[in-house]
J.: 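My questions all concern the structure below.
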Amino acid sequence: MKKIIVLMGLCLSTILFTQCAKKTASTASKAVAPSEEASALAKKYSAAQMAEGKAIFVGSCQKCHELFQPAEFTIKKWNKVLPDMCGKAELNAEKAALVRAWVITNAKQG
Ligand code: HEC
């Protein structure tokens with residue numbers, strides 16, 4: 001009886017271990033994506049559009065709080081915060097996209 005319990009324990013820990021290993025692998029591959037996102041945006045938007053994005057950002061994003069600079073947060077954090085904040089700032093989709101292009105390309109590495 002004891003042997004069966006030990007065997008089951010071994011099986012369980014093997015399953016748990018492989019699950020954890022899979023998780024680590026998938027977060028590791030995700031970590032590469034944000035910088036690719038930034039370079040894609042840098043290619044897609046012209047310098048003039050980036051400057052416009054910055055101007056909208058400065059004009060619309062310090063009405064309720066201090067202006068948080070792009071470099072203060074990672075791309076991951078900005079991706080979480082921006083949709084909500086662009087809504088709060090009542091930016092239309094076009095303006096929100098320009099702000100996003102400028103913020104993401106200037107975000108903190110990592
Ligand atoms: C209508 C008011 C309002 C406007 C306009 C606004 N924000 Fe915010 N912002 C908030 C509030 C309230 C919070 C804190 C609570 C929350 O996260 O909703 C916040 C939080 C944040 C945070 C999170 C800071 C942290 O430490 O986690 C960031 C970054 C941010 N705003 C950026 C922006 C940007 C960029 C814009 C312009 C697109 C913007 N905000 C426009 C109200 C606003």
Side-chain angles (χ1 to χ4, degrees):
M1 191 60 191
K2 262 191 187 165
K3 266 188 188 164
I4 292 178
I5 293 172
V6 171
L7 250 172
M8 279 175 69
L10 265 175
C11 280
L12 249 177
S13 50
T14 314
I15 291 168
L16 282 178
F17 180 77
T18 44
Q19 288 305 101
C20 291
K22 265 186 208 153
K23 260 196 191 143
T24 327
S26 70
T27 35
S29 60
K30 261 186 201 158
V32 184
S35 56
E36 284 170 12
E37 202 179 348
S39 51
L41 286 168
K43 269 186 216 150
K44 188 174 168 193
Y45 290 90
S46 68
Q49 285 175 309
M50 290 290 184
E52 204 185 331
K54 182 180 179 180
I56 298 165
F57 175 84
V58 173
S60 311
C61 299
Q62 53 187 333
K63 286 178 187 160
C64 306
H65 47 63
E66 57 163 312
L67 193 60
F68 295 104
Q69 291 302 323
E72 284 179 55
F73 302 109
T74 59
I75 291 176
K76 202 175 156 199
K77 163 92 180 178
W78 277 116
N79 275 334
K80 261 191 220 156
V81 168
L82 267 182
D84 194 19
M85 289 303 143
C86 287
K88 278 200 202 303
E90 296 178 344
L91 300 181
N92 64 24
E94 191 194 334
K95 284 183 176 174
L98 292 175
V99 166
R100 182 166 181 274
W102 186 72
V103 168
I104 297 298
T105 49
N106 290 284
K108 186 156 99 183
Q109 295 295 313

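All of these numbers come straight from a predicted model, not from anything done at the bench. For ligands, and for the atoms within them, numbers begin at 1 and follow the listed sequence.
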J.: Which atom pair, heavy atoms only, marks the closest approach of Trp78 to Gln69?
T.: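 Taking every non-hydrogen atom into account, CZ2-O, 3.5 Å.
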J.: Please determine whether side chain to side chain contact (heavy atoms under 4.5 Å, CB included) holds for the pair Trp102 and Lys54, giving the CA-CA distance in whole Å, both sets of side-chain angles, and the decisive distance to 0.1 Å.
T.: CA-CA 6 Å; Trp102 186 72; Lys54 182 180 179 180; 3.4 Å; yes
J.: Looking at ligand 1, does Lys77 have a heavy atom less than 4.0 Å from it?
T.: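 True for this residue.
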J.: When you measure from atom 14 (C) of ligand 1 to every protein heavy atom, which one gives the shortest distance, and what is it?
T.: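 Here the closest protein heavy atom is Met85 CE, 4.7 Å.
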J.: What do we get for Glu72 next to ligand 1 when only non-hydrogen atoms under 4.0 Å count, side chain, backbone, both or neither?
T.: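 Glu72 to ligand 1: no contact under 4.0 Å from either part.
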J.: Side chain to side chain contact (heavy atoms under 4.5 Å, CB included) for Phe57 and Leu98? Distances and angles first, verdict last.
T.: CA-CA 9 Å; Phe57 175 84; Leu98 292 175; over 6 Å; no
J.: Any N or O on Lys63 sitting closer than 3.5 Å to an N or O of ligand 1?
T.: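 By distance alone, the answer is no.
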J.: Does only the side chain of Ala96 get under 4.0 Å from ligand 1, or the backbone, or both, or neither? Count heavy atoms.
T.: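 It is neither; nothing of Ala96 touches ligand 1.
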J.: Could you go through Met85 and His65, starting from their C-alpha distance and side-chain angles, then the distance that decides it, and tell me whether this counts as side chain to side chain contact (heavy atoms under 4.5 Å, CB included)?
T.: CA-CA 11 Å; Met85 289 303 143; His65 47 63; 4.2 Å; yes
J.: Quick one: do the Asn79 and Glu37 side chains pair a donor with an acceptor below 3.5 Å?
T.: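 Yes, Glu37 and Asn79 have a side-chain donor paired with an acceptor closer than 3.5 Å.
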J.: Which protein heavy atom lies closest to atom 40 (N) of ligand 1, and at what distance to 0.1 Å?
T.: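 Result for atom 40 (N) of ligand 1: His65 NE2, 2.9 Å.
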J.: Suppose we measure from atom 37 (C) of ligand 1 to each protein heavy atom; which comes out shortest, and what is that distance?
T.: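 Scanning the protein heavy atoms, the shortest distance from atom 37 (C) of ligand 1 goes to Cys61 SG, 1.8 Å.
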